[in-house]
Structure formats: structure tokens, C-alpha cells
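The block underneath contains the structure these notes are about, expressed in C-alpha cells.
We're numbering straight along the sequence, starting at 1. From a predicted model like this one, the values you see are computed outputs, not experimental measurements.
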Amino acid sequence: MASETKIVNLAEEAKLATEAVHPPTYAFTSICKSLVAGGVAGGVSRTAVAPLERLKILLQVQNPHNIKYNGTIQGLKYIWRTEGFRGLFKGNGTNCARIVPNSAVKFFSYEQASKGILHLYQKETGNEDAQLTPLLRLGAGACAGIIAMSATYPMDMVRGRITVQTEKSPYQYRGMFHALSTVLREEGPRALYKGWLPSVIGVIPYVGLNFAVYESLKDWLIKSNPFHLVQDSELSVTTRLACGAAAGTIGQTVAYPLDVIRRRMQMVGWNHAASVIAGDGRGKVPLQYTGMVDAFRKTVRYEGFGALYKGLVPNSVKVVPSIAIAFVTYEVVKDILGVEIRISD
């Protein structure tokens with residue numbers, strides 16, 4: 001087959017299977033553009049929902065003996081009243097610094113993983129017209145998520161601590177680099193990966209289902225066109241937004257308890273912990289966990305099964321637009337940059 005050039009976005013990668021192509025050869029500029037598109041998508045989506053992201057983490061880790069945040073509306077009002085407008089976005093700078101490289105690596109890794117898996121699948125089955133199945137898409141998405149999460153996990157760990165700081169906290173991290181150096185000095189290098197295991201386990205249903213559901217929905221809509229949404233073999237931005245929203249809702253619901261556990265594990269061993277964790281000295285000391293299983297056991301034992309879903313409401317409100325905006329922004333930016341992928345024989 002003669003070489004040809006196509007502009008392909010992330011969510012369309014699995015469709016290369018229908019064209020009987022081999023894994024593509026990327027030019028350096030195409031790789032850079034793809035990374036930029038992923039980074040922009042992550043930064044824009046997280047900034048748009050930063051207040052809800054901060055409230056979610058506060059609800060997940062606050063001392064159960066000294067409750068300050070009782071729900072989405074009350075929590076946002078409390079933050080506004082006690083910390084002002086800037087309080088709504090506390091930790092967002094660190095989050096963007098983390099999510100931009102995280103998203104860039106995740107999206108780009110997914111492109112590479114999906115093409116590698118497709119090539120192996122076609123070779124194994126002997127069918128060059130084979131398509132990626134939802135299970136194979138799940139595997140590609142999970143691989144991408146684990147690679148990206150592991151590469152930036154120390155930044156996520158300190159971001160969680162910075163996010164829960166309030167004006168009453170006894171010790172203040174002055175920023176991401178100060179937090180990283182302080183944790184490294186006081187708690188050792190292993191502390192930067194507290195909560196890593198539940199994060200890895202959570203990546204499989206969360207990131208994997210996000211990609212798999214999103215792409216499967218798009219493929220189904222384009223092939224069957226049940227609601228006449230397809231024009232010139234393309235879906236509108238609104239339809240892609242809906243697909244991303246559905247994917248995000250399913251992924252976050254399945255993986256949410258693991259997110260709660262990892263956040264709680266990240267707070268363990270924090271000297272001069274934020275007042276939200278320590279309870280302003282009026283409540284009992286926060287629980288200490290020896291590992292993921294211990295964290296699950298103690299959380300359910302002392303706070304009930306519902307504690308595994310603390311913060312689910314603001315997370316549900318934020319994750320739908322966040323995931324949807326990330327996917328759509330990535331596709332739009334990639335089209336604007338004109339990312340070209342060479343597909344050769």
C-alpha cells in the first residue's frame with residue numbers, strides 16, 4: 001500500500017484498524033504537537049473545575065471528628081467565606097503543573113499503545129482488517145494511564161497536601177517545589193509515592209473505561225447513525241462532548257473508592273498536618289494506615305462504607321465536564337496544530 005498522510009486525533013486512533021495500516025512513524029514535530037495538545041487539554045479542563053476539585057479532596061480527607069464541609073453547596077460557600085475567591089483555586093497551579101505533563105504523556109502513550117496492540121492483534125489473528133475491540137482499547141488506556149500517573153505521582157502527592165491547606169494550618173507549603181523538598185527531607189523519598197498502589201489499581205477502570213467507552217460510543221454513532229448525528233463521517237463537538245461525559249461518569253464511579261484511599265494515604269506521616277486533617281486539635285488524631293488494605297479496613301470500620309464515596313457529588317459534577325472538555329480540547333487543538341501522522345507500508 002502506498003504511503004499516505006492523514007490527520008488523526010486521539011479518539012480516532014482505533015479506527016486505523018479499518019484501514020489495514022501498520023504502526024505509524026512519527027515525525028518529531030508531530031510528537032511535540034501531540035504532546036502540546038494533550039497538555040493543553042489537561043490544563044484547560046482542570047482549571048475549569050478547580051473549585052470542585054479542591055472541595056472533593058477536602059471532603060475525602062477531613063477529620064471525621066471535626067466536620068467543616070458537609071456538602072457541595074455548603075462546602076463551596078464555606079471556602080468562599082473563610083478563604084475568599086483565591087481559596088477556591090488553592091492548589092490549582094500545582095495541579096496544572098502536574099496535569100499538563102500527565103495529560104500529554106497519557107494521550108501520547110495511548111496513541112502508541114493502541115497502535116502497538118493493534119499491530120500485535122492483527123499479526124496474531126492473521127487478519128490485517130481486524131479492529132481494536134473494547135477490551136483491547138481498555139488495555140491501551142490502562143497502560144497509558146499507569147505510565148502517565150507514575151511519571152508525575154510525586155507532584156500529585158504534594159498537590160493533595162497543598163490543596164487541603166487553610167489559613168489555620170500550622171505549617172504552610174509555599175509551593176510545589178518547597179513541598180517536594182520538605183517531604184523528601186522530613187519523610188524520605190518513599191513518602192512521595194504514598195498511595196501509589198491504589199492509584200495504579202484505580203487507573204485500570206478509570207482511564208481504561210474513559211477511553212474505551214468514549215471510542216466505542218463514537219464508533220457506534222458513526223457506523224449506525226441512530227439519531228442522524230453524523231455529518232460527512234464526523235461527529236459534532238456537542239456529540240463528542242456527550243460521549244466524553246458518559247465515559248467520565250462510568251470511569252469515575254467505578255474507581256472512586258480507590259481515589260479516596262489514595263488521598264488518605266497521602267496524608268499519613270505529615271508533620272504539622274493541615275488543620276482539616278488534624279481537626280484543629282479539638283478532635284481525635286487522624287487515623288494512620290500501614291497500607292492500602294489497612295486503609296480500606298479502617299475507613300469502613302470507623303466511618304462506614306459510605307466514607308469510601310465522600311466527595312462523590314462534587315466529583316460527579318466536575319468529572320463530566322472535565323473529561324469531556326479534555327477530550328474535545330485535545331481534538332480541537334490537534335486539528336488547529338495540524339498534527340500529521342504518516343502511515344506507511
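With 3.5 Å as the limit, one finds a donor-acceptor pair spanning the side chains of Gln266 and Tyr153. With no hydrogens or angles considered, a side-chain donor-acceptor pair links Asn315 and Gln252 at under 3.5 Å.
Under the 30°/60° scheme for interplanar angles, the aromatic rings of Phe89 and Phe85 are found to be tilted.
For the pair Thr133 (side chain) and Leu136 (backbone), a donor-acceptor distance under 3.5 Å is present. Using a distance-only test at 3.5 Å, with no hydrogens or angles considered, no donor-acceptor pair links the side chain of Arg98 to the main chain of Val158. With Arg159 contributing its side chain and Gly91 its backbone, the two residues share no donor-acceptor pair below 3.5 Å. Between the side chain of Arg46 and the main chain of Cys96, no donor-acceptor pair closer than 3.5 Å is present. Of the possible polar contacts, none joining the Ser150 side chain to the Ile147 backbone as a donor-acceptor pair under 3.5 Å is found.
Under the 4.5 Å side-chain heavy-atom criterion for ILVMFWY residues, a single connected hydrophobic cluster contains both Tyr69 and Ile277. There is no path of hydrophobic side-chain contacts, each under 4.5 Å, that joins Val260 to Tyr289.
A salt bridge is defined here as a Lys NZ or Arg NE, NH1 or NH2 lying under 4.0 Å from an Asp or Glu carboxylate O, and Lys310 with Asp259 fails to meet this definition. A salt bridge is absent between Lys334 and Glu331; no separation between the charged side-chain nitrogens and carboxylate oxygens falls under 4.0 Å. Using a 4.0 Å cut-off between charged side-chain N and carboxylate O, Lys68 and Glu83 make no salt bridge. Ion pairing between a basic and an acidic side chain is recognised when a charged N comes within 4.0 Å of a carboxylate O; Lys298 and Asp294 show such pairing.
With a 6.0 Å radius and a threshold of 12 heavy atoms from other residues, nucleotides or ligands, Ile67 has its CD1 atom above the threshold. The local environment of CH2 in Trp270 is crowded, with over 12 non-hydrogen atoms from other residues, nucleotides or ligands closer than 6.0 Å.
Contact of the Ile261 side chain with the Leu308 side chain is registered, since non-hydrogen atoms from C-beta on lie closer than 4.5 Å.
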